[in-house]
Amino acid sequence: MEQERDRLGSFIDEARHLPTNLNIFLSDMIREKDLVRQLDHEPDKLADKYRFSRDEIDALRERDMPKLYRLGLHPFLLVRFAGMVGILEYWKALGAPGRRDGT
């Protein structure tokens with residue numbers, strides 16, 4: 001059993017990013033822009049619909065990127081979320097380095 005766990009370790013680490021409530025929600029959010037508004041104005045309704053834990057809905061509302069990653073949000077979806085909630089624009093406004101084309 002211990003050897004199997006060692007062999008599967010990297011797969012298990014990566015598998016935490018497979019379909020989770022957070023990943024499903026963010027995939028839906030890409031197609032349904034109104035979910036951003038619902039997140040800010042109807043978080044409890046959204047939490048019930050997607051069966052979020054308190055930690056998940058709080059991390060979404062607080063835009064807590066490291067916590068969302070630790071909770072299993074896929075890195076690709078994490079970047080999309082940042083763009084949809086204005087984090088990337090804020091980052092650029094601070095003069096933080098971005099892509100070479102200045103965007």
Side-chain angles (χ1 to χ4, degrees):
M1 185 71 149
E2 184 82 26
Q3 289 174 336
E4 285 179 30
R5 192 173 198 72
D6 290 343
R7 281 188 305 203
L8 294 175
S10 64
F11 172 76
I12 291 169
D13 288 343
E14 185 60 28
R16 70 190 177 95
H17 292 296
L18 293 175
T20 65
N21 293 343
L22 283 172
N23 291 324
I24 292 166
F25 171 68
L26 261 294
S27 294
D28 289 350
M29 188 185 252
I30 290 167
R31 291 183 298 278
E32 295 178 48
K33 305 298 185 225
D34 189 57
L35 289 177
V36 175
R37 184 199 60 75
Q38 289 180 37
L39 175 61
D40 292 332
H41 300 287
E42 302 174 283
D44 293 333
K45 185 177 175 182
L46 213 55
D48 288 343
K49 178 179 178 181
Y50 285 92
R51 291 182 267 146
F52 290 136
S53 69
R54 178 56 33 201
D55 280 346
E56 290 170 330
I57 195 67
D58 288 348
L60 285 165
R61 292 197 68 222
E62 294 165 10
R63 279 53 166 173
D64 188 335
M65 307 304 271
K67 187 172 187 177
L68 287 167
Y69 178 78
R70 287 191 305 273
L71 289 168
L73 186 59
H74 191 280
F76 172 77
L77 294 172
L78 192 66
V79 171
R80 294 294 302 262
F81 178 70
M84 287 184 282
V85 298
I87 291 172
L88 298 178
E89 286 78 10
Y90 174 73
W91 188 251
K92 284 195 294 189
L94 290 174
R99 297 188 334 219
R100 281 181 258 172
D101 62 3
T103 61

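Along the sequence shown, residues carry numbers from 1. Being a predicted model, the structure only gives us computed values, none of them experimental.
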Those residues at least two apart in sequence (or on a different chain) that pass side chain to side chain contact (heavy atoms under 4.5 Å, CB included) with Glu42 are Arg37, Gln38, Lys45

- prompt: Can you list the steps and then say if Met84 with Ile30 is a side-chain contact (heavy atoms from CB on, under 4.5 Å)?
  reply: CA-CA 8 Å; Met84 287 184 282; Ile30 290 167; 3.9 Å; yes

Nearest heavy-atom contact between Leu71 and Ala59 is CD1-CB, 4.0 Å

In terms of heavy-atom contacts, Met65 and Leu78 come closest through CE-O, 3.2 Å

Hey, could you give me the [atom1]/[atom2] distance between [X] and [Y], rounded to the nearest 0.5 Å?
{"X": "Ile57", "Y": "Arg51", "atom1": "CD1", "atom2": "CZ", "value": "14.0 Å"}
{"X": "Leu22", "Y": "Leu60", "atom1": "CG", "atom2": "CG", "value": "5.5 Å"}
{"X": "Asp28", "Y": "Asp34", "atom1": "CG", "atom2": "CG", "value": "12.5 Å"}
{"X": "Leu35", "Y": "Leu26", "atom1": "CG", "atom2": "CG", "value": "9.5 Å"}

| task | With side-chain contact (heavy atoms from CB on, under 4.5 Å) as the test, would you mind laying out the steps for Leu39 and Phe81 before giving the verdict? | result | CA-CA 12 Å; Leu39 175 61; Phe81 178 70; 4.1 Å; yes

With sequence neighbours left out, the residues meeting side-chain hydrogen bond (donor to acceptor under 3.5 Å, both in side chains) with Arg63 are Asp40

Sorted by chain and number, sequence neighbours left out, side-chain hydrogen bond (donor to acceptor under 3.5 Å, both in side chains) with Asp58 holds for Arg54

- Message: Using modelled atom types and a 3.5 Å cut-off, is there a donor and acceptor pairing between side-chain atoms of Arg31 and backbone atoms of Ser27?
- Response: yes

Open item on the list: Please check this pair: side chain of Asn23 against backbone of His74, looking for a donor-acceptor N/O pair closer than 3.5 Å.
Closed with: yes

Quiz item: What residues form a salt bridge (Lys or Arg N to Asp or Glu O under 4.0 Å) with Asp64, not counting sequence neighbours?
Solution: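 For Asp64 there are no salt bridge (Lys or Arg N to Asp or Glu O under 4.0 Å) partners, ignoring immediate neighbours.
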
- Query: Would a hydrophobic clustering, with Ile, Leu, Val, Met, Phe, Trp and Tyr connected at side-chain separations under 4.5 Å, put Val36 with Val79?
  - Reply: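 Cluster IDs for Val36 and Val79 differ.
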
Residues pairing under ring-ring contact (aromatic ring centres under 6.0 Å, His included) where one sits in residues 19-44, two or more places apart or in two chains, turn out to be Phe25-Tyr50, Phe25-Phe52

